[in-house]
Each structure stands twice: as structure tokens, then as C-alpha cells.
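What follows is one structure encoded as C-alpha cells, with my remarks underneath.
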Amino acid sequence: MEQQAVEKAFWERLEEEKNKLLQKKEKLAWICSYTPVEIISACKLHPYRFPGREGTPFSADSYLHSSLCFFARCSLERVLKEAGKGKDVLAGMVLVNSCISMLHFYHALEKLGCLPFVYLLDLPRDNSEQARHYYAANLRGFHQALSKHCGCESNESELWEQIYLFRENRGRLWELYAGRNGEVAIDGDEIMRLVNAFTVLSPEKFSNFFAVYRENILGKRKNNLSGPRLFITGSFVPEGLTGFIRELGGVLVLDDLCIGRRMLQFPPEEPDEADGDPYSYLARLYLGKDPCPRMQQAYEKLEEIEKTLKTYHIDGVIFYYLKFCDPWYYYGQLLKEKLNNIPLLVLEGEHAGITGQMRTRISAFLEMLS
Amino acid sequence: MYDFIKNKIIRGKTPSMFRLPFVYSLGKAMVRCNLLKFSYRSAAMTVEYGMEQIRRIFKGRSPYVWVSAFFPTEFLHALDIVSFSPEVISALITSLGFQNNFLEEAESRWWSRDNCSFHRCAMGGLISNFYPVPAAFCASSHLCEGGVFLFNNLARRYHRPFILLDTPLDNNDNSLLYVTRQLQKIITLLEGVAGTRLRVEKLEEAVFNTEKTRQAMLKVNELRRHPYSPLRSKDAFAYLYLYFTGMGSRVVPGIYETLAAELEKKIKESQNSKGGETSPRYRLLWMHLQPFYQNGIMDYLEANGAELVFEDFSHVYWESWDPGRPLEYIANRMLAHFNYGRIERRIKVIKELARRYNVDGVIHFSHWGCRQSCGSLNIIRNSLQEEGLPFLVLDGDCVDSRNFASGQVQTRIDGFLEMLA
């Protein structure tokens, strides 16, 4: 009972900290997991993963076409309704050209002029040598542009410092994914809440929170979770979806989400300041990470998927994709065919929270697996 | 004769006859013997060129690849690989009226109607074994992101190479280097497909052909500015296959040169005739593609005194470059596309075209599922309206007639023309 109270207090403190951020002026918003947050931090700004506003994007639809991904439209809606009106103050936003919807979102932001700084970072589609070379130059350009905007010098040693700091935090979170092929004591929902904290808090603040988590929660977990073992994949899942699955008794053992594991799974290469160029290192890091379906090499993962599911003793797969999200749509089409020997629940969403229909389908799916 | 074939032989029938190379040999002969009539000799040449390409594909003796819009086909021509544009062929199939066979085939395999119907139609044709499986899938990330994902998907499905040109957003030295390096890699991959080495002089020749095509296209576009130019968007879309697959071909410059000569002649004839064609009440610029099934939009516009004098697809967007430096030429061409990248570039070109062709308004046909083209339309609309240029968006679908509401389109056209009056 006492442990439950400790845990409750921890998550409440974390939520409070996140709410405090809304009025923090030094936040530079980002969305895609390919955004080099280290550069933002090196410019003394607070990298802050921007959550789209769940619901119908009424105002955003005046700027973006209704056949574009709901997440992009809902993100613009949040800019118009909250960031633009002082409810979630932003110093600016950096978008990565990771899909056509993000490109159009950038066009709208630029035309609206409601944020002091808006930057579009072009992202190559594979991890080839020429792509890394190209991305490294783009990262340098971004650092220079942001430094100029902030009135500071683009300092490489500061950037290295941030690289080490973020790497350390990612490593801490990555440890939570270890050993999940056996019994698990932490649900995937909990990991994703921590990953979310990593993406919105400053690196220093996150380190402190994680230390508390490790000591007061992780270290005291004794019981393993029971229930159908699940794998979740797809685009941005609605807030609360993973928690809802846990409430119904499902155990999220593994995920392939950019708000989860893909935010952390980077190549093991150690940063080496003596080696020189931090941009080349970051390019290797980001292009070498577990790819999203927008990247050419993502399809190679499909060859391994069945093996992975066996390794993790997965009982069922939930595939969630956003309506009009082409990268996931075309990838998911093959994924669905690959997973013909395992129960699969396909959910299509509109970034409007968990709908009643979704709840019913998830419940039925878990009942079937139980 | 074309209408007879279309209406009496094809419609409602299984399209398996179109898998026979003989059909294309026969078609070519019919074009040569004037049994198939065209408004322009150059249009007949285009059809003949297309039929020869497709005949070779079904004959199965030459390596053939699928190419997405704006992939640099110069390499394919230099290596004698037949290129197949599934988007243009989907348009052709739609105009012949059997697209629903393929659309339904794709939809039965979880291909949603929210995706581009050009791609669904192409996919349906391939999975129903109408098209032979190509040796590779070649895509460029220019404009059409769906094409990149589709080709990657199909390459995995059919265990064929996926050859991608990742086109950067901005046109600068870093981008140029990135594209050039990718082109070198693409050559190696295509050599594997062709089973032969690419000879430098062949590539130079292909690029020289592109440059000649460019010059001929510029001549055509200049002639289209003339008030008596008879070439309208409806007819100009007949040359789409060349635009998508013909860059680098030795045949294509001749087709555009013929078109230029024909236009010149027709303009002179109109000028000399006493009652030369009167100018239309409204001159309009068409953006994006048109619906390829029976739809009547263009006829309706014409009947109401509005002529589509130009379309953005025919715009020659790349500058001249030394064909003796073929990779740089191609890389520059790739990076120059106005519809890709930052929106200002697209808006600038639309404004330029509007000025050059002296148009009264702009119509954008919004093909459902084309997120690149439709995504920022409201931003474009606002920019054009600032210049006093009326802008009409027609929502529809180029291939899937189920997404086309003729009554609604007609009402919107009526409203637009009333506003122009």
C-alpha cells in the first residue's frame, strides 16, 4: 500500500513538472524522433516534444488539406489554439521533413508567422554514406541558424556536452527494455510515460526524476505482471491508449513506436570528441537508429518481425495507424501479411483520443487472448 | 476508330487482350495508316512511341522497370532498359474504362480508398498479373511520396531491387553533391538490372536528347502564348507519357519539334483565315492532372467560354546545362522541380505562368490522395488572391470515378465563371 502511494506521488510530481513547462518561454518545440535535440539544448533552449491537440482540427483545416495526416493538422490546431494564445508558450519549432504532412505543416507555420522561429530540417531516406554526409551538413546549418536566432555562438564543445548528456539519459531508459523476452515487472505503458518525460523535460531534470524512479519504484518492483503479452506498433498512438490496454489486463512487452523504443534505439557507437565533428556523429546516430517506415531500410525489419515476436513470446499484436499516414499505411500493408500466424488488431485513428469503438475492439481482442 | 475500339471492343470486357504484344504492333500500324485519328501528328507519334514501349514490355525480351514520376530516365534510355510509368498507364487504362477491375483488386487486399488511385490501379494491375513483374522499381522522392512507399512495398513483395533517388528539399551545393553521389550509385544498380555497363557516350547522348527535348518544349510553350494557339490542356495531357518516361529518348525531341511545327502552322492558318478563332472569354491555367474517365469538365468550361490555355505540368522547370557533364545536368534537373520543396517556389512559378499566359484565373484539380499537391492549397489560394488572381479548387479523383461528384464540380465551375465575368 505504501509503495502504491510512493508511485502515485512520483507520477503526480512528474505531471506537475510537465504542466509547469507550459509557461516556460525557452521551449523549442519538436515533433519527429529524428530531431537532433542535442543541438537545441546546446543553444540554451529547452527541447520540448510538441503534442498535437487531440480532437477535430477545425482551425487548422483552414490551412491544411483534409487529406493530410490528422497528427499534423492537430499539431497546427494546438499551435493556433494554445501556443499562439499564450497557453503553451514556445520559442519556436523545428520540424523534420520526415513526411509530406510535416512539410505542409511547416508551410502553414511559416505563412502564419505566429512563432518567433520555425525551421525545416531535411532528412534523407536512408543510412548510406552520402545520406550521412548530407544530413551532417544539414545539422550544421540548423545549429548555425538556431544559434544566430538565439544570439549565441554555435559552440561545438557545448554540443558535445549535450550529446553525452542525452546519450546518458537514453541509455538509462534503454535499460528498461532489457530482458523483456522473459517475465516483466514494468509495463510498456510505464516505459512510455518515462520516454515521454525524457522528451519534454530538460535533460538535467529528467536525470533527477529518473534517479528517483530507479530508487523508489524500479528497485522495489517484486511482482511480475500477468496477462496477454502484447507488441504494439504504428504511428503516434493516442494519449492513454497504452494505459487503457494495461487497465484491461494486457501487458505491453515490446513496442515499435517513435514515442517509445524508437526514441532510444540508437547505434552503440560511443561519442568521441577527439574525433572532431559532432554533426557527423549526430548524423550517424540519427540515421542509424531503429528506422520509421518513412526510411528505406525500415522494410528490412519485416524480415525479422516473426523472429522478434517469438523471442519475446508475444501473444498478440496491436497495429495502430493514423488515417492518411502513408508511410505506415504502405508498411502496415506488408506487416499485416507477415503476421498471419499471430492475432493482430488493426486500429485506424484520427488523433482524437481513444474512441468508444476502439475501446470495444481492444477489450474484445484482449478477451480473445486471455 | 479510337472511340469505336474504346466503346465497342474494350468497355466492359476483360482487358487480357492488352497483354498481347501483337495488339501493340497492330495499334502502331493503325496509327501509321491513319486508321486511328489524332488532332496532331505529334500526338500520333506519342501514341506510337508509347505502344512500342508497352509492346516491348509484354514481349518480355528486354529488361523493364517501373519508374515513378520524375525519376531520371536518361539512365534507362542509355542502358536500353524499357521504362514503364504505372501512373500514366493507370491514366490510359482509366480513359479506356477498365480501371475499376484493378481498383477493386487492390481494395480487396487492404489498399484503402484514402490512397492515391493511380497507385491503387497500378498495384491492382500488378497483383492481378496483368503486368509482368518488372526487373526493378525505380522511384524518385520528387513530389510523390506515396509512389516511394508503393514501390518499396512492391519491391519487397516481388523480391526485386528498389532503386530510390532521394531528392533533397533545397537546391544548394550540399544537395547537388548528395544527388550526384546517389546518381552514381543508381547507375551501378541499373547496370545490374541491364546486365551491361553504362557507356559514357550513351549517357551523354541521352542527356543531349533531354536538352533537345527541353528546347523543343520551350518552343511549344512559347507558341502556346499566342492568342491563336489551338493547343489546350485537354490535348496537352496526351504528351504526359513523354514527360514521365521520355527524357533521354532519341525519339522524344522529334515529337516536340513536330508539335512546335504543327502549332506554328495552325497559328499562321488561323491568323490568315478571315474569321480566325476568336479569343476565349476567359483564359485559365490548369494545375495538376485531369480526371481521365468520362467527366466533361473541360468541355463544360469550353462551352462556357473558358479555355485552359496552359497547365503547370507542361512547364519546363529546369535550366540549360552542359550535356557533356551528364550527372550534373541530371542532378540540376532533379533539384529544379518547382512543385517540390518550399511552397514559395511553387507559388512563384504559378504566378509566373499566370502572367506569361495572361490568364484570368487558376483551377487546381485536387486528386484525392495526392497529399503533395493538395496539402498547402489554402496557402497558395491566399497568395494568388493577394495578386488578384482568382483560384478555384475542384475536388475529385483522376482515376477513381467514385470520388467524382459531377454536379458539385459543375456548380463550383459556374460560381467561378460568374465571379470572373
Side-chain angles (χ1 to χ4, degrees), chain A residues 61-69 72 97 99-108 110-112 120-126 128-131 133-138 140-141 293-300 302-303 323-334 336-338 346 348, chain B residues 109-112 114-116 119 123 141 143-157 162 164-170 172-175 177-182 184-185 340-344 346 366-380 382-383 393 395:
Chain A
D61 282 2
S62 308
Y63 301 93
L64 296 175
H65 195 263
S66 57
S67 70
L68 288 183
C69 148
N97 179 32
C99 69
I100 199 80
S101 296
M102 281 295 137
L103 177 62
H104 289 299
F105 178 30
Y106 167 78
H107 291 154
E110 211 192 19
K111 282 286 161 193
L112 281 163
L120 181 68
L121 183 64
D122 196 17
L123 176 75
R125 288 175 186 263
D126 67 20
S128 59
E129 195 192 331
Q130 62 265 23
H133 189 272
Y134 173 69
Y135 197 46
N138 288 353
R140 186 185 292 276
R294 186 261 191 190
M295 306 300 275
Q296 203 182 337
Q297 70 270 28
Y299 284 66
E300 287 161 19
L302 284 168
E303 305 305 319
K323 198 172 171 68
F324 308 129
C325 173
D326 282 341
W328 273 104
Y329 192 81
Y330 285 92
Y331 178 86
Q333 205 266 344
L334 282 181
K336 197 170 171 265
E337 286 180 10
K338 275 268 174 202
V346 180
E348 185 186 68
Chain B
R109 307 211 189 181
W110 206 62
W111 290 88
S112 156
D114 289 333
N115 291 104
C116 169
H119 294 146
M123 167 80 183
S141 63
L143 314 181
C144 179
E145 200 176 39
V148 173
F149 300 132
L150 172 76
F151 280 24
N152 202 355
N153 178 305
L154 293 176
R156 297 281 157 183
R157 185 180 294 274
F162 172 53
L164 173 69
L165 176 68
D166 178 19
T167 318
L169 271 180
D170 295 309
N172 55 37
D173 290 347
N174 184 33
S175 304
L177 180 67
Y178 179 42
V179 173
T180 311
R181 284 176 170 185
Q182 287 184 80
Q184 284 161 344
K185 195 174 153 192
Y340 184 59
R342 293 168 201 270
I343 195 75
E344 290 78 18
R346 190 174 176 198
S366 295
H367 169 63
W368 181 249
C370 182
R371 309 192 209 293
Q372 180 280 327
S373 156
C374 304
S376 295
L377 279 183
N378 288 331
I379 296 168
I380 295 174
N382 293 343
S383 296
V393 174
D395 287 314

Using non-hydrogen atoms and a 4.5 Å limit, figure out which bit of B/Glu344 sits close to chain A: side chain, backbone, both or neither.
side chain
Region of A/Ala298 that comes under 4.5 Å of a non-hydrogen atom in chain B
neither
Proximal component of A/Asp326, with respect to chain B [non-hydrogen, under 4.5 Å]
both
Are the side chains of B/Val148 and A/Tyr330 in touch, meaning some heavy atoms are under 4.5 Å apart?
no
Between B/Asn172 and chain A, with a heavy-atom cut-off of 4.5 Å, which part of the residue counts as in contact: side chain, backbone, both or neither?
neither
Check each atom of B/Glu145 against the heavy atoms of chain A and say whether the ones under 4.5 Å are side chain, backbone, both or neither.
side chain
Heavy-atom proximity to chain A below 4.5 Å, by part of B/Leu143
backbone
Part of B/Ser175 lying under 4.5 Å from any heavy atom of chain A:
both
Turns out that what part of A/Cys69 lies under 4.5 Å from chain B's heavy atoms comes down to neither
Could you work out, with side chain to side chain contact (heavy atoms under 4.5 Å, CB included) as the rule, every residue matching A/Ser66, not counting sequence neighbours?
A/Arg73, B/Trp368
Please identify each residue that fulfils ring-ring contact (aromatic ring centres under 6.0 Å, His included) with A/Tyr329, with sequence neighbours left out.
A/Tyr321, B/Trp110
Does the salt bridge (charged side-chain N to carboxylate O under 4.0 Å, His left out) test come out yes or no for B/Arg157 and A/Glu337, once each step is laid out?
CA-CA 10 Å; B/Arg157 185 180 294 274; A/Glu337 286 180 10; 3.0 Å; yes
